Amino acid sequence: MTNGETQQAVQMFNVDIATEDGPLRGILAAPLRPMRLMEIVATAAPLASEITDRAMAREKARGRTISCRDGCGACCRQWVPLSIPEVFWIRELVDDLPGARRAAMRRRFEKISAALRRRSGFVNRLLEPEPTAESTFPQAREYFALQLACPFLDRESCSIHEHRPMACRECNVTSPAGRCGHPYKTPVDHVALPFSLTVALGRMASALTGQPPRLVPLALAIEWAREHNELGRRTWPGPQLVQAFIQAF
Ligand code: SF4
Ligand code: SF4
């Protein structure tokens with residue numbers, strides 16, 4: 001899948017992955033300097049968008065309509081699972097906000113965290129390692145029932161659209177938007193993807209750290225990142241990190 005070729009201060013990796021929506025081909029440049037986990041997110045985000053764009057084009061070609069629109073935020077009350085690199089990415093995004101906005105955003109995170117912690121054992125269940133779609137289903141349903149809007153949701157629109165997590169990029173539906181307000185009563189038809197960048201980033205972090213895969217709810221990202229500062233600062237040689245990412249596909 002990959003062939004390393006050293007050029008000045010970067011190493012290039014060819015990517016060629018067969019998917020049901022056509023081959024995914026390109027070149028990823030890995031800096032030779034040490035890299036932190038969060039730095040791979042800038043590489044993963046356009047890939048996630050490319051994969052979802054192709055999947056949506058496939059659905060449209062089959063005569064289906066994509067219901068997702070700006071200002072349509074029922075899904076932003078769902079549990080948003082972040083891979084570990086994204087946790088540190090989101091923390092930095094908040095740290096980089098202008099002063100008053102940053103303080104207000106941190107208060108939003110704290111308010112949601114407090115609401116989750118009022119439910120006995122809920123946070124521990126949300127953070128259980130080795131999550132699967134089946135194992136997280138009860139937590140996802142319980143989370144949605146609380147109707148806690150994502151801290152980044154402003155007037156039902158995403159205030160970090162360009163920087164939104166992989167899970168948000170990967171969530172698109174062809175069923176009527178109204179169904180997203182009660183997805184556990186009426187089924188929602190998601191646009192199926194050949195693979196998930198959330199999962200790939202999670203696998204990559206697991207392979208590099210030797211820890212079991214783990215997903216962290218977006219609303220708990222800031223406090224989880226604070227509790228794992230050392231991991232956020234840890235570095236790997238850039239080519240090792242990028243290769244682990246490619247292999248995680
Ligand atoms: S997933 Fe549902 S609520 Fe979210 S943008 Fe799409 S249609 Fe709207
Ligand atoms: S990050 Fe944006 S798209 Fe994702 S849940 Fe929050 S407001 Fe919605």
Side-chain angles (χ1 to χ4, degrees), residues 35-45 47-48 51 75-95 106 109-110 112-144 146 148 150-152 160 163-171 190 193 195-236 240-249:
M35 284 178 75
R36 290 177 291 156
L37 287 175
M38 60 156 278
E39 292 182 77
I40 198 69
V41 177
T43 300
L47 272 175
I51 290 164
C75 56
C76 300
R77 286 152 178 91
Q78 292 274 10
W79 171 55
V80 177
L82 299 187
S83 62
I84 301 305
E86 293 175 277
V87 170
F88 295 111
W89 163 270
I90 286 291
R91 194 258 301 266
E92 185 143 308
L93 207 65
V94 173
D95 285 351
R106 285 180 179 157
F109 273 84
E110 286 162 8
I112 299 172
S113 172
L116 298 176
R117 289 184 186 284
R118 280 197 288 276
R119 304 179 75 79
S120 176
F122 191 37
V123 166
N124 287 343
R125 280 182 280 128
L126 285 168
L127 292 171
E128 270 177 16
E130 313 223 25
T132 63
E134 292 73 30
S135 70
T136 56
F137 181 81
Q139 283 79 268
R141 186 165 55 185
E142 185 173 346
Y143 192 109
F144 188 71
L146 297 173
L148 300 167
C150 172
F152 295 114
I160 57 161
H163 305 292
R164 67 199 187 287
M166 306 306 126
C168 305
R169 294 168 201 265
E170 292 170 343
C171 177
H190 285 99
L193 299 176
F195 57 86
S196 157
L197 265 295
T198 308
V199 172
L201 287 173
R203 281 189 195 144
M204 182 206 82
S206 173
L208 289 171
T209 62
Q211 299 292 314
R214 188 184 296 278
L215 296 172
V216 175
L218 183 151
L220 297 175
I222 291 182
E223 61 185 64
W224 199 94
R226 191 169 49 232
E227 289 161 9
H228 298 81
N229 252 330
E230 201 174 316
L231 178 58
R233 284 196 299 264
R234 190 174 163 192
T235 59
W236 285 263
Q240 184 188 351
L241 196 135
V242 170
Q243 192 157 30
F245 172 58
I246 295 169
Q247 284 170 348
F249 291 174

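Predicted model only: the values in this text are computed from it and were never measured.
- Contact detail for Leu220 and Ser113: the closest heavy-atom pair is CD2-OG, 3.7 Å.
- Between Glu142 and Arg125 there is a salt bridge, with a side-chain nitrogen of the basic residue lying less than 4.0 Å from a carboxylate oxygen of the acidic one.
- Side-chain atoms of Pro151 and Ile222, non-hydrogen and from C-beta on, never get closer than 4.5 Å to each other.
- Here the CD1-CZ distance, from Ile40 to Phe88, works out to 15.0 Å after rounding to the nearest 0.5 Å.
- The side-chain heavy atoms of Ile112 and Tyr143, taken from C-beta on, include a pair separated by under 4.5 Å.
- Looking at every heavy atom in both residues, Met204 comes nearest to Leu37 through CE-CD2, 3.7 Å.
- With no hydrogens or angles considered, a side-chain donor-acceptor pair links Thr198 and Glu170 at under 3.5 Å.
- Residues Phe122 and Leu146 are in side-chain contact: their nearest non-hydrogen atoms beyond the backbone lie under 4.5 Å apart.
- Ser206 approaches Pro212 most closely through the heavy-atom pair OG-C, 3.9 Å.
- Between Ile51 and Leu197, the shortest heavy-atom contact is CD1-CD2, 3.4 Å.
- With contacts defined as side-chain heavy-atom distances shorter than 4.5 Å, the pair Val80/Cys168 qualifies.
- For Glu227, the CD atom sits in a packed shell: over 12 heavy atoms of surrounding residues, nucleotides or ligands are nearer than 6.0 Å.
- Taking the charged nitrogens against the carboxylate oxygens, Glu86 and Arg91 have no contact shorter than 4.0 Å, which rules out a salt bridge.
- Closest approach of Thr235 and Arg36 over heavy atoms only: CG2-CG, 3.8 Å.
- Using modelled atom types, one side-chain atom of Thr132 and one backbone atom of Ser135 make a donor-acceptor pair closer than 3.5 Å.
- For His228, the NE2 atom sits in a packed shell: over 12 heavy atoms of surrounding residues, nucleotides or ligands are nearer than 6.0 Å.
- Distance check, rounded to the nearest 0.5 Å: CG of Leu193 to CZ of Arg169 gives 13.0 Å.
- Not a single donor-acceptor pair under 3.5 Å links the side chain of Arg214 to the backbone N or O of Ile84.
- Side-chain contact between Leu148 and Leu116 is present, with at least one heavy-atom pair separated by less than 4.5 Å.
- Closest approach of Ala219 to Phe109, counting heavy atoms only: O-CD2, 3.3 Å.
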